[in-house]
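Order of the sequence lines fixes the chain letters, A, B, ..., with proteins taken first and strands second; residue numbering starts at 1 for each chain.
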Protein chains: 2
Amino acid sequence: MRFPKLFERLATLVPLPPEEWAKAEAVAKEQSLAKRELFMRPGDAADRFAVVLQGVFRGVRVSPRGVESIKAFRAEGELIGAYAEMLQRLPSMTAIEALEPSHVLVFQTQDFQKLERGHVCWERLARRVAEQHFVLKERREQEFLELSAEERLVKFWEEHPHLKGRIPQRDVAAYLGITEVALSRIMSRRRKRTE
Amino acid sequence: MRFPKLFERLATLVPLPPEEWAKAEAVAKEQSLAKRELFMRPGDAADRFAVVLQGVFRGVRVSPRGVESIKAFRAEGELIGAYAEMLQRLPSMTAIEALEPSHVLVFQTQDFQKLERGHVCWERLARRVAEQHFVLKERREQEFLELSAEERLVKFWEEHPHLKGRIPQRDVAAYLGITEVALSRIMSRRRKRTE
DNA sequence: ACCTGGGCTTGACCTGGGTTAAGGCGGAGG
DNA sequence: CCTCCGCCTTAACCCAGGTCAAGCCCAGGT
């Protein structure tokens, strides 16, 4: 077993026999990415995903008008991939970019489907993953509906303290749905208020 | 089989043996709701959900400050329930209210879990449901990130033409994340522009 | 026919964030 | 050492949307 920690983490979600995990490790490939390197680019087939072993990624979507917005940051132990597009069998509309030199464990969805056919535990895991992603997205929706940009900022750092210092400010802005200028103003406002 | 249409719809998502569906129908209860009646209120245990047979519902969340925002509208064939809270085993934080005299088919999550233990098809269905909900929420997130209120409005009516005339305008505003005043202004702006 | 209330509109005023453009600052490379 | 670049900040101006308040329209009830 090459990744016992990862196995443990997944086994807390769903009963996962070690021999099934061994099969998964057999089809997974490790990949290293330099800072700024893309794990996936828009237009790519959404036919693979990965677990982050080391590093931070951002999922970026560029709107027709050319505005970058950020769907999510992903760090150690989290999944990267164009999940929504994969489910809809569409080509990826997002770029997934390493913000640091990173290291990931890649799965082809095809291989994963083979695992699913072999044992229900994989389907159960996939369900758990879908449910967790849903809960996160709904939380974010709620934030857009009832919080101001400043409140969203505060909440962001409360919920992602491990990203402190690892992501540029402009990306935080693009995650919050505002410009870097607005974010800078919000921060100076807060500095003044509490100085 | 009391609800053959519903069975057909679900069977397109996942292979669903008719005898399993019969078991589901056996535990389901029909319920009628008057206009404005609540299917679920904040604080209720999130231990049941329903399929809408007739009518329209809104999922409302009231923020600590007392601002109502609307998470979703649900019409015929769709599910109602405090899904995120159910997954997290939390009490419901949303009210689900009938906007018309409505008719639903109610399941207790407990009963549904029993079905799941009896046949994998129910787990597969639950996975599909989670995935679809995720895709919808992600789409909405994207809209908040890259569209103006006016563009969100246009998109809303494109995607929900069947709700035309069935939901009050203030609720559309609360869904878009703006006030009814702002929505009214947007509409008059559009009227002028295209008159 | 008259009230009444709910839902929508409109106006006046304010604020937050977008846009554009001009610095500031620190680190990497010459 | 200086320069360049990437990243952040600040300022000036504009506009969308929030807030508060008044008014309109119309359906239902008496």
| field | Output field: ring centroids F144(B)/F144(A) closer than 6.0 Å | value | yes
| field | Residue S188(B), side-chain atoms from C-beta onward, closest of dG18(D), dT10(C), dG16(C) | value | dT10(C)
| task | With a 3.5 angstrom cut-off on both distances, give the Watson-Crick or G-U wobble partner of dT30(D), or none if there isn't one. | result | dA1(C)
What nitrogen or oxygen pairs link the protein and nucleotides 19-24 of chain C at under 3.5 Å?
from	atom 1	to	atom 2	distance (Å)
dT19(C)	O4	R185(A)	NH1	3.4

| field | Polar side-chain atom of E25(A) near backbone of F3(A) as donor-acceptor pair, under 3.5 Å | value | yes
| said: Do R140(B) and Y175(B) form a cation-pi contact, if we require the NZ or CZ to be under 6.0 Å from the six-membered ring centre and within 45 degrees of the ring's axis? | reply: yes
| said: Centre-to-centre under 6.0 Å for H133(B) and Y83(B), is that the case here? | reply: yes
| query | Counting distance only, does the side-chain N/O of S102(B) pair as donor-acceptor with the main-chain N or O of E100(B) below 3.5 Å? | reply | yes
| Nearest of dG7(C), dT10(C), dT10(D) to any side-chain atom of R191(A)? | dT10(D)
| field | Side chain of Q169(B) - closest among dC8(D), dT9(C), dG18(C) | value | dT9(C)
| query | Which part of the nucleic acid, if any, lies within contact of L183(B), taking any heavy atom under 4.0 Å across all strands shown: a base, the sugar-phosphate backbone alone, or nothing? | reply | nothing
| query | Parallel, tilted or perpendicular for F107(B) and F112(B), by the 30°/60° rule? | reply | perpendicular
